[in-house]
Structures are given as structure tokens and as C-alpha cells.
**Student:** 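Right, I'll just put the structure down here and ask away after.
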Amino acid sequence: MPVPVRYTRYLLFAIVGFFLFFFLFSGTSISIPTSPSKPISPSYEEFRAHKVQTPGANSTFRVNATFVTLARNSDIWDISKSIRTIEDRFNHNYNYDWVFLNDQDFDDDFKKLTTSLVSGTTYYGRIPKEHWSYPDWVDQEKARKAREEMGRKNIIYGESESYRHMCRFESGFFFHHPLMLNYEYYWRVEPNIELFCDVGTDPFRLLKENNKMYSFVISLYEYHETIPSLWSTVKEFIKGHPEHIPKGNAMDFISEDSGKTYNNCHFWSNFEVGSLDWLRSQEYTDYFSALDQTGGFFYERWGDAPVHSIAASILLKKEQIHFFNDIAYYHPPFTHCPSDEQARLDLRCHCNPNDNFDFRGYSCTSRWYKLNGWKKPPGVKETD
Ligand SMILES: Nc1nc2c(ncn2[C@@H]2O[C@H](COP(=O)(O)OP(=O)(O)O)[C@@H](O)[C@H]2O)c(=O)[nH]1
Ligand SMILES: [Mg+2]
């Protein structure tokens, strides 16, 4: 049977095509992979040595400051999210350094990924044992029983030993770490946070130029069960060190009766921009050591948020604490979103103002407004 002309033509095309392909590509650099190529996995040192640095527009206007993050290797993905948001909204213009601290060694995966995301220089430090362990005056058996009891009562992190070391470290030691010693200001960043607006003004510079020592975006009430004896310890400290307590401090933010009792208000310390020199001052050192001597970080579950907030409120003048209204921020489960629409548009914010926590019942920010004589945004009742 004769082969139809059509099929002969197809066969010819196929043969010519094959030879064309062979001649075109056999002498070129394109090669057809025959087996899956080995994945390239550089070491951290190799990666760091070849990282391309692109200076940001404001990188020559930096003050002496760093970001600082306490994290575990397992926090890698959650902290990466936080770094992206800080870089996109602020640091790509400035390239501030970033210090990572950990009670274990950071692994290469953590260091490579975070270094690839940070536009400034990254440093990785291990926390010395004496800053993440029991001081010799603490009765560890008593501490264990306290944890069990708080666990039974379902107090948040009540049963956790590592959370207590973390809170004590953030309260008294991160600013003494060798990697932190050459800086004047810090911005604390935790995993899983989000910024919703461009950061228009450099917060470090704002603090420096206005002699401010501490700042916040969200404030709220602490669970009293975690700090039953904190306030009596603070009162003892105040009695013993009247020279550290300036007139015009923010005592009225944290107490309704000029210091007799604590109202549990605190600045939420997962966000902080602050002065390291203040945390390293004699005033703060005496304060922390008075607290630490009682063992309350272990026998109760004192958080670094009330510890820092009480210090700022009694050791500083009220004006030295700054409320960053323009920094729109989320740390689970609360959001700060500026109420002023013009500000939100100017700073390209993408938060929903209805999510703003500032004037809800569980926030203390209304108290901060009252203390400063500020008018609340339109739509918010003065009684809120
Ligand atoms: N290296 C290390 N970091 C910790 C540990 N526990 C908590 N952190 C860090 O301490 C900070 C506060 O912990 P987080 O789990 O966010 O507590 P929360 O915000 O109070 O719920 C975060 O930056 C954590 O990554 C720990 O055991 N080791
Ligand atoms: Mg957190």
C-alpha cells in the first residue's frame, strides 16, 4: 500500500527538525540535564561573604542604634515575617544593624535566612549562662512548686520555666550583652509582628533628639496573678532610693492613688524603642537588682512588660516616655492603628482603624491621654 504523501512530509519535517536541534544546541553552553542537580547549600560564612549590600537612601543619617531580637532557632519563620515588615516599612532606607540573641547557638539556617532579609549588618550572640539560669539565692524547689500551682490555675505561661528565664533576661540583661554594648538605642522586635504604615520619621533619632528614654504603641492591664508581690517590692525600692524618683514622673499612669496600689497598667514590651544607656544607668540597675533579689521572677511570674513599664513610670519624667501613635503595629492579638485618616493615607497604612485597641476597655492608653491632657480622636467618647 503506498504511503500517503502527507505522512512522508511529516516524517521529513521530523528528521530535519531533529538535525537542526542537534546542530544548534550541541555546540552551545545549553545542556540538557540528565539527572537532578545537587542542591546548592552554602554555609552561613560563604553566604555572608558574598551578600550584596545596597545602601538605603537614609543610611548616612543613622544614629547609634540597633534592632534586637531574642529568638529560638524554631522561631525562624515567624521572625522572618517580622523582619520583612520592618525592612519594607522602614529599615530598607536606613540599614540599621540587627542583633539576634539566643540561649542556644543559632544554626546556619537561621543565620542565613535572617541575614538575607536584613538590609543592615547582622550579629548573632549566645546568652551567657548567668543571664539565663537561677541565681544562687533562689530556692529552685520553691520555684518548681510555684510553677505547678500556677499551671493548675491555668495562668498564662504559669507552668513555664523558660518563659521565666526569658522575662528575667529581657528585664535585666539583654542590654548588657557584649553585642549590645556599643549601641545607644534599641528597637525590640518579636516574631509574628506586623507594621501597617510606613515609618516616616526615624524612631531612634526622635528619641535621641528629644531626650526620650522609652516608648510604646500599645498598653494594657497585666494579669494580677502573675505579679502578686511586685508592687510591694517596688514600694520598698522607692523607700530605699528616693534619690532615683524624679518629680513629674508618670506614677499616675500606673497608680490611681499616688503609689499606694498598682493598677496593673503596662506598656506592651514586645514593641520597644528605648535608650540602652538608661537601662544601663545606676537608677535602673538598682531597681532591677532590688526586684531580682526577691526571686519574684521565679516564685511568681513577673513579666518584663510590667517590670520595664513600672521603671519607666517611676524613674523617668513623664515627657521621657513617648507614645508612637504613627507606628501602626500588630502583635497577636492586639492592633494599634492611627485614628487620623490623613495620617493613614500619608503613611500608606493598610490597617483597619476599627481594629484599633487604644480605647477599648482592656487598654490603658486612655489613661495616657488623660495624664497628658490630650483630646481623644473624634468618635471616641471622653469617658472611654
Ligand atoms: N532563645 C529563646 N527565646 C525565647 C524563649 N522563649 C521565648 N523567647 C523569645 O522571647 C520573646 C517573647 O516570647 P513570646 O513567645 O513571643 O511570648 P509572648 O509574646 O509573651 O507570648 C520572643 O522574641 C521569643 O522568640 C526561649 O526559651 N529561648
Ligand atoms: Mg511575642
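Small disclaimer: the values here were computed from a predicted structure and weren't measured. Ligands are counted one by one from 1 in listed order, and the atoms in each one are counted from 1 as well.
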**Student:** Would you mind running through ligand 1 and noting each atom that sits below 4.0 Å from a heavy atom of P191?
**Tutor:**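 Reading through ligand 1 atom by atom, the close ones are 22 (C), 23 (O), 25 (O).
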**Student:** Only N/O/S atoms count here: what is the atom of E190 closest to the Mg ion (ligand 2) called?
**Tutor:**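 For E190, the N/O/S atom sitting closest to the Mg ion (ligand 2) is OE1.
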**Student:** I'd like to know whether ligand 1 has W268 as a neighbour, heavy-atom separation below 4.0 Å.
**Tutor:**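 Outside the 4.0 Å threshold, so no.
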**Student:** Using a strict 4.0 Å threshold on nitrogen-to-oxygen distance, state whether E236 and K239 make a salt bridge.
**Tutor:** yes
**Student:** Determine, using heavy atoms of N270 and all atoms of ligand 1, whether some pair is separated by less than 4.0 Å.
**Tutor:** no
**Student:** Just checking, any donor-acceptor pair under 3.5 angstrom between side chains of N210 and H322?
**Tutor:** no
**Student:** Between the side chain of D107 and the main-chain N/O of F110, is any donor-acceptor distance below 3.5 Å?
**Tutor:**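 Looks like yes, one N/O pair under 3.5 Å.
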**Student:** Would you kindly specify which portion of F169 sits under 4.0 Å from ligand 1, judged on non-hydrogen atoms: side chain, backbone, both or neither?
**Tutor:**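 Answer for F169: neither.
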**Student:** Tell me whether R144 is salt-bridged to E141, with the criterion being a basic N under 4.0 Å from an acidic carboxylate O.
**Tutor:**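 Salt bridge flag = yes for E141 with R144.
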**Student:** Check the side chains of Y124 and T114 for a donor-acceptor pair under 3.5 angstrom, ignoring hydrogens and angles.
**Tutor:**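 On atom types as modelled, these side chains qualify, holding a pair under 3.5 Å.
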**Student:** So which of the N, O or S atoms of H331 lies nearest the Mg ion (ligand 2)?
**Tutor:** NE2
**Student:** What I want to find out is whether R164 reaches E161 closely enough, with some N-O distance under 4.0 Å, to be called a salt bridge.
**Tutor:**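 No, this pair does not count.
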**Student:** Would you say the ring centers of F267 and W368 fall short of 6.0 Å from each other?
**Tutor:** yes
**Student:** Answer side chain, backbone, both or neither: which part of H331 comes under 4.0 Å from ligand 1, heavy atoms only.
**Tutor:**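 Answer for H331: side chain.
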**Student:** Counting only heavy atoms, which portion of D75 has something under 4.0 Å from ligand 1: side chain, backbone, both, or neither?
**Tutor:** side chain
**Student:** For atom 13 (O) of ligand 1, which protein heavy atom lies nearest, and how many Å away is it?
**Tutor:**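 Protein heavy atom at minimum distance: M166 CE, 3.8 Å.
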**Student:** Should one rank I193, I127, L70, N192 by closest heavy-atom distance to atom 24 (C) of ligand 1, which comes out on top?
**Tutor:**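 That would be L70.
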**Student:** Counting distance only, does the side-chain N/O of R62 pair as donor-acceptor with the main-chain N or O of D97 below 3.5 Å?
**Tutor:** no
**Student:** If we count only N and O atoms by modelled type, under 3.5 Å, do the side chains of Y96 and D202 hold a donor and an acceptor together?
**Tutor:** yes
**Student:** Please report which non-hydrogen protein atom sits nearest to atom 16 (O) of ligand 1, along with the residue it belongs to and the distance in Å to one decimal place.
**Tutor:**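 Ranked first by proximity to atom 16 (O) of ligand 1 is E190 OE1, 2.9 Å.
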**Student:** Looking at non-hydrogen atoms alone, which of D103, D304, N73, I156 comes nearest to atom 2 (C) of ligand 1?
**Tutor:**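 Of the listed residues, D103 has the closest heavy atom.
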**Student:** Below 4.0 angstrom, N of the basic side chain to O of the carboxylate: do D108 and K112 qualify?
**Tutor:**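 No salt bridge links D108 with K112.
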**Student:** Quick check on contacts: which atoms of ligand 1 are under 4.0 angstrom from a heavy atom of N102?
**Tutor:** 1 (N)
**Student:** What atoms of ligand 1 come closer than 4.0 angstrom to any heavy atom of S162?
**Tutor:**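 Listed by number with element, the hits are 27 (O).
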**Student:** Counting from 1, what ligand 1 atoms have a heavy atom of Y157 closer than 4.0 Å?
**Tutor:**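 Under 4.0 Å from Y157, ligand 1 has these atoms: 15 (O), 17 (O), 18 (P), 20 (O), 21 (O).
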